[in-house]
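Throughout, residue positions are numbered sequentially from 1 according to the sequence presented.
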Amino acid sequence: MKIGILAIQGDFELHARKILETGNEYLLVKKATQLDEIDGIILPGGESTTITKILGRYALDEILRERIENGLPVFATCAGLIMLAKRFEGSEREVTPLGVLDITVRRNAYGRQRESFEAPLKLTLDGNEVEITGVFIRAPKIVEVGKEVQVLGSFEGSPVIVRQGNILAMTFHPELEEGTEIYDYFLKLAKGRK
């Protein structure tokens with residue numbers, strides 16, 4: 001399989017290494033035409049305000065929304081999750097999300113860069129409990145999930161990884177952790193959609 005990684009901002013190179021670790025190929029996506037070449041896409045963390053501007057500038061926002069709504073498997077971390085959310089807590093004028101994931105999110109919920117932290121997490125992937133260390137950097141918080149959203153793991157009572165059909169999204173950074181469990185789960189999801 002070939003997994004696209006949105007390569008306009010954020011930790012896309014670390015995600016690329018993880019995809020290689022799983023034995024799959026990746027494509028750094030910067031143009032809409034590249035979406036025809038991939039079996040799934042990763043939306044990395046970064047700065048959601050900047051991602052909004054660049055997606056619009058390269059006319060990627062509408063086509064990406066359309067592809068995801070039509071079943072393109074997507075794996076989103078931190079700011080990538082913000083870009084997928086349907087709603088924000090409070091008003092956010094700087095970010096225009098794609099609005100495909102039925103969650104309400106609060107940006108920078110745990111504070112600024114210096115408040116970043118690591119925490120042990122227990123996730124449920126394919127019915128199996130997986131223990132990992134979550135790395136939270138200026139992390140958003142999911143404050144509400146819709147009926148179609150499955151919570152796969154929480155921290156202090158708030159969901160930190162969710163799935164809605166072809167969408168897998170998390171508030172932490174698995175590209176900074178050991179292991180590929182979450183990538184393996186996503187690749188299985190993507191393979192099932194082929």
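- Under the rule for a side-chain contact (heavy atoms from CB on, under 4.5 Å), the partners of Glu25 that lie at least two apart in sequence or sit in another chain are Lys2.
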>> Applying salt bridge (Lys or Arg N to Asp or Glu O under 4.0 Å) to Asp36 and Arg67, what does each step give before you reach the verdict?
In response: CA-CA 10 Å; Asp36 295 330; Arg67 295 294 173 92; 2.9 Å; yes
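- Heavy atoms only, all atoms of each residue included: Ala32 and Ala59 are closest at CB-O, 4.5 Å.
- If you look at Phe155 and Phe117, their ring centroids are closer than 6.0 Å.
- The shortest side-chain heavy-atom distance between Leu98 and Ile68 falls under the 4.5 Å cut-off.
- The environment of OH in Tyr58 is sparse: at most 12 heavy-atom neighbours from other residues, nucleotides or ligands sit within 6.0 Å.
- In this structure the side chain of Gln164 never reaches within 4.5 angstrom of the side chain of Gln150, judged on heavy atoms.
- Taking Arg87 as the reference, Asp102, Thr104, Glu144 meet the side-chain contact (heavy atoms from CB on, under 4.5 Å) condition, with sequence neighbours excluded.
- By the 4.5 Å heavy-atom criterion applied to side chains, Phe75 and Ile182 are counted as neighbours.
- Asp39 places none of its side-chain heavy atoms less than 4.5 Å from the side chain of Lys191.
- Listed by chain and number, the residues in a side-chain contact (heavy atoms from CB on, under 4.5 Å) with Lys147 amount to none (sequence neighbours excluded).
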>> Assess the residue pair Arg107 and Ser48 against the criterion (side chain to side chain donor-acceptor pair (under 3.5 Å)); give the C-alpha distance rounded to whole Å, side-chain angles, the decisive distance to 0.1 Å, and a yes or no.
In response: CA-CA 9 Å; Arg107 292 173 69 205; Ser48 50; 3.2 Å; yes
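- The side-chain hydrogen bond (donor to acceptor under 3.5 Å, both in side chains) check on Lys188 picks up Asp126, with sequence neighbours excluded.
- Other cluster members for Val143: none, since no ILVMFWY side-chain heavy atom sits under 4.5 Å from it.
- The local environment of CD in Glu21 is crowded, with over 12 non-hydrogen atoms from other residues, nucleotides or ligands closer than 6.0 Å.
- Classification of Lys141 and Glu89 as a salt-bridged pair fails, no side-chain N sitting under 4.0 Å from a carboxylate O.
- A salt bridge (Lys or Arg N to Asp or Glu O under 4.0 Å) check over residues 166-178, counting only residues at least two apart or in different chains, returns nothing.
- The number of heavy atoms from other shown groups lying within 6.0 Å of NZ (Lys86) is above 12.
- Counting only distance, with no hydrogens or angles, the side chain of Thr77 and the backbone of Gly45 share a donor-acceptor pair below 3.5 Å.
- A donor-acceptor contact shorter than 3.5 Å links the side chain of Gln34 to the backbone of Lys31.
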